[in-house]
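Sequence lines set the chain letters: A, B, ... in the order given, protein chains first and strands last, and positions in each chain run from 1.
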Amino acid sequence: MFYLIQLLNAVQYGLLLFLLSSGLTLIFGIMGVINLAHGSFYMVGAYLAYWLAKLTGNFWLAIPIGTVITLGIGGLLETTIIRRLYRRDHLYQVLITFGLILIFEELRSILFGNDVHGVTIPAGLNYSIPFTDTLSYPVYRLFVTAVCLITAALLYWVIYKTRVGMMIRAGNSNREIAASLGVNVPLLFAWVFAAGTALAGFAGAVAAPISSVFPGMGNQILIICFVVVVIGGIGSINGAMIASLAIGLADTLGKVIAAEYSAIAVYLVMALILLWRPQGIANRA
Amino acid sequence: MTPVIPITLPRSLLLIALVLLALFPLTGSTFYIQLGAKILIMAIFALSLDLLVGHTGLVSFGHAAYFGLAAYALALISPKYEAANVWLTLPLAMGIAAFAALVIGFFVLRTTGVYFIMVTLAFAQMLYSVFHDTRLGGGSDGLYIYVRPELTIAGFKPLDLESPLQFYYFVLILLILVYGLLKRILHAPFGRALAGIRLNEQRMRSIGFPIFGYKLGVFVIAGALAGLAGYLAACQFGFVNPDILAWQQSGTALMMVILGGMGRLHGAVLGALAYVLLQEILSAPAIVGSFAKHWQLAMGSLIVVIALVFPRGIGGIFDIALRRQSYRHPNANSVNRK
């Protein structure tokens, strides 16, 4: 029973990572931009959920509104700043998006302060399923798992079954040829970037009741997402899925075996993958 | 982008800069001397990173790891109420940083481009979590160094590091040594090979250069020099905490390199100067008022603007003047050396 609970946690964490890293990997695969500020959108989503839930008194309203706002912020950033980075060296992309992180973190500190805030679990889901006398599992975590699964399925459907998805995949494998075949590349880029950030914001909002909202939460998860992208292979949705679940499992197992060193387990997995296949599991050398 | 042969300042300019740096403590109070020492330490750190980023084309986003490891090494091996020996602790701290760079480099140098950026960041963050989560280095509180290490030669003490003024000169001497060493390395065949790797790795490989070995070599040198800077920083501030190896520190170092103009030795020094001064100004309540608490907002905006508008940095300003000079003597560099 104990291991079942850990497994459920691992899957839930892994799926959450997938929502974040799929955006990151697509933004990189399609636009060639390494976006350090991706984690900041996770934070923005979580803080928006916290703030909107308090404002409206309804968590279910906070999630869609928060997601739309992050979509807007993402679109705005793409058209003002990120657009100028497509042809620039990675170094400048890193630096500029690093600057954006500082701006986001400081704005968060001005608007919300530096305290940890809890987000109450919505009424209908605020109970646990008892497994044995001592062990039980919170329903909200199951809900997050389900939501992530549905979102992931939707993402797969959009990317592999729709015309927009076709354009995204075309842009991913060859920008120039996609453009010459009549894809409106600047518009596509803007939407992919905004959608990626909205996905991150959505993940943050959904996870907020579990993790609560705190300073630096975006950076912490961003680095884990980098590990996921490195393991999965840049630009690969399938790779991101496998890697997310693997990291979810490694992190949870690490916490069970040696709590103090659990953070290291994740990086050890990455080091091993680097030895075996430096291009990521989904990409051929 | 950056020139094949590193642009170096002519001797006359270097000499002027050196005299200015040496005379600087005469003008200021203890506060400015300490600020000066901080700038010089950051200059060593930026120089070590520029060796990777500007000269070899390896964008490391985890350079703070080696800086922080050496700082922790000093804190962990210093006796509690006595001064440690510089001759013992400095090589040891740098050695630990170099060894970490060797091990991490072995993994990260298998990747290139954007993977390299992410993987260096991830490994640095692994070290951060080791120091942050475990009690090894005092956890998130860090450790104090109550007494600065002692520099003695056969019982005689040439410099007392407890004095801010003498510490400043100690750091200045080390910066000059590092600057000279890097200049030497970059003009040696090893340095030219690094430039070749930066410009066209495939071609260098097909000519027969052992690319991985060269990269690992330069990664270890850069790690050891970052360790030197970290050791000095730990000396100066008297404490270490996990923040000194967090990724913000790596980002700061990159910012200094870009700000000064990468691929130029003087650029890294100018970048460190500009960054530390900017940070001081932006976080001084006397200048910016109540906004000082949120200096990172202004710094973040500045980073974005500078990287968008001035990709060549401050050091780039000197380029035109220096280029003109090298047109007159195409081999000016090599002639000067002989």
Rounded to the nearest 0.5 Å, the CD1 atom of A:Ile103 sits from the CE atom of B:Met299 at a distance of 12.0 Å
Straight-line distance of B:Met118 CE to A:Met270 CE, nearest 0.5 Å
10.5 Å
When rounded to the nearest 0.5 Å, the distance separating CG of A:Leu91 from CZ of B:Phe61 is 10.0 Å
Examine whether an atom of A:Leu222 lies under 4.5 Å from a heavy atom of chain B, and if so say whether it belongs to the side chain, the backbone or both; otherwise answer neither.
side chain
Considering only heavy atoms from C-beta outward, does the side chain of B:Met255 approach that of A:Leu102 to under 4.5 Å?
no
Should the heavy atoms of other residues, nucleotides or ligands under 6.0 Å from CD1 of A:Ile177 be counted, would the total exceed 12?
no
From B:Gln296 CD over to A:Ile110 CD1, what is the distance, rounded to the nearest 0.5 angstrom?
11.0 Å
Heavy-atom pair of closest approach, residues A:Tyr92 and B:Ala307
CD2-O, 3.9 Å
Region of B:Ile117 that comes under 4.5 Å of a non-hydrogen atom in chain A:
side chain
Examine whether an atom of A:Phe28 lies under 4.5 Å from a heavy atom of chain B, and if so say whether it belongs to the side chain, the backbone or both; otherwise answer neither.
side chain
B:Leu254 versus chain A, the contacting section by heavy-atom distance below 4.5 Å
both
Looking at A:Ile224, A:Val229, A:Ile34, A:Val230, which has the largest count of heavy-atom pairs under 4.5 Å with chain B?
A:Val230
With a 4.5 angstrom heavy-atom cut-off, which part of B:Val305 approaches chain A: side chain, backbone, both or neither?
neither
Among A:Val227, A:Val94, A:Ile234, who wins on heavy-atom pairs under 4.5 Å with chain B?
A:Ile234
If you count the non-hydrogen atoms of other residues, nucleotides and ligands that lie under 6.0 Å from CZ in B:Phe99, is the total more than 12?
no
Give, as side chain, backbone, both or neither, the part of B:Val59 having an atom under 4.5 angstrom from any heavy atom of chain A.
side chain
Shortest non-hydrogen contact from B:Gly113 to A:His90?
C-CD2, 4.4 Å
Between the CE atom in B:Met126 and the CD1 atom in A:Ile223, the distance rounded to the nearest 0.5 Å is 13.0 Å
Where do A:Leu95 and B:Gly251 come nearest, in terms of heavy atoms and distance?
CD1-O, 4.4 Å
Out of B:Val108, B:Val53, B:Leu302, B:Val114, which one racks up the most heavy-atom pairs below 4.5 Å with chain A?
B:Val114
So, taking the atom named CH2 in B:Trp247 and the one named CZ in A:Phe226, what distance separates them when rounded to the nearest 0.5 Å?
7.0 Å
Does some side-chain heavy atom of B:Leu308 sit less than 4.5 Å from a side-chain heavy atom of A:Leu85?
yes
